[in-house]
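What follows is a single structure, written as structure tokens, with notes after it.
As the structure is a prediction and not an experimental result, all values here were calculated from the model.
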Amino acid sequence: YIILGDYLSMQSDFQEAQKCLEDSLTKANNKRALRFYSIVVRQSDTNKTLENFKRSIEIGKKAVAMDMKDGYSWCSLNRCFRECLPDVIF
């Protein structure tokens, strides 16, 4: 489901990608699935609402908490913060 969700997000089919990743997460929490899910939540929101950014950040934090040494999860979380707060210099 993770690979399919990633592929669907690359095809800009965010709704189906989100469903695949949600299915994957119901079976087992996985940092890779959480990371992709965080990205898809952000990308699927064409209005860039604060609620979806908050949701994406929370999902990203879960991915980081699963493995604090995983640079990919940290990078994904950082990108979410940068998209949410583009005028803030980190």
Side-chain angles (χ1 to χ4, degrees):
Y1 286 110
I2 298 170
I3 294 169
L4 181 58
D6 185 32
Y7 173 78
L8 289 167
S9 72
M10 284 189 254
Q11 300 300 316
S12 298
D13 190 353
F14 300 118
Q15 284 185 323
E16 289 301 316
Q18 200 165 348
K19 287 179 189 175
C20 285
L21 294 167
E22 286 170 354
D23 285 345
S24 172
L25 291 169
T26 60
K27 295 178 184 357
N29 268 348
N30 176 309
K31 66 183 178 185
R32 187 171 175 215
L34 286 167
R35 190 170 57 238
F36 285 135
Y37 188 48
S38 174
I39 293 167
V40 168
V41 166
R42 245 184 0 260
Q43 289 177 335
S44 66
D45 184 16
T46 56
N47 296 325
K48 305 293 182 198
T49 60
L50 185 58
E51 183 178 311
N52 272 349
F53 277 116
K54 286 181 182 178
R55 183 172 171 218
S56 181
I57 289 169
E58 289 306 313
I59 296 166
K61 284 180 180 180
K62 287 180 186 177
V64 168
M66 291 188 85
D67 182 1
M68 297 291 286
K69 295 181 181 180
D70 179 27
Y72 292 111
S73 295
W74 279 106
C75 185
S76 177
L77 182 60
N78 177 47
R79 180 151 182 169
C80 184
F81 276 109
R82 292 177 72 72
E83 286 180 25
C84 183
L85 306 166
D87 297 331
V88 177
I89 299 173
F90 286 95

Here the pair of heavy atoms bringing F14 nearest to V40 is O-CG1, 3.6 Å
Residue pairs meeting salt bridge (charged side-chain N to carboxylate O under 4.0 Å, His left out), one or both in residues 33-43, sequence neighbours left out, come to R35-D70, R42-E83
Output for pair (M68 CE, W74 CH2), nearest 0.5 Å, gives 4.5 Å
Contacts satisfying side-chain hydrogen bond (donor to acceptor under 3.5 Å, both in side chains) that involve residues 2-16 (not counting sequence neighbours) are E16-K19
message: Just checking F53: does its CZ atom have more than 12 heavy atoms from other residues, nucleotides or ligands closer to it than 6.0 angstrom?
response: yes
Applying salt bridge (charged side-chain N to carboxylate O under 4.0 Å, His left out) to K31 and not counting sequence neighbours gives D67
So K62 and N29, do their side chains get closer than 4.5 Å, heavy atoms only? no
- prompt: Would I59 end up clustered with M66 when hydrophobic side chains under 4.5 Å apart are linked, directly or stepwise?
  reply: yes
CZ of F36 to CG of N30, rounded to nearest 0.5 Å, is 9.5 Å
Rounded to the nearest 0.5 Å, the SG atom of C20 sits from the CG atom of L25 at a distance of 11.0 Å
One should read off an interatomic distance between S73 OG and N78 CG, to the nearest 0.5 angstrom, of 12.5 Å
Contacts of R32 meeting side chain to side chain donor-acceptor pair (under 3.5 Å) (sequence neighbours excluded), chain-then-number -> none
Item to complete: State yes or no: do V64 and F81 share one hydrophobic cluster built from I, L, V, M, F, W and Y residues joined by side-chain heavy-atom distances below 4.5 Å, directly or via other members?
Response: yes
The reported gap from CD1 in I57 to OG in S76 (rounded to nearest 0.5 angstrom) is 10.5 Å
Hits for salt bridge (charged side-chain N to carboxylate O under 4.0 Å, His left out) against K54, two or more places apart or cross-chain, chain-then-number order -> none
In this structure, SG of C80 is separated from CD1 of I39 (nearest 0.5 Å) by 9.5 Å
By side chain to side chain donor-acceptor pair (under 3.5 Å), E22 pairs with (sequence neighbours left out) Y37
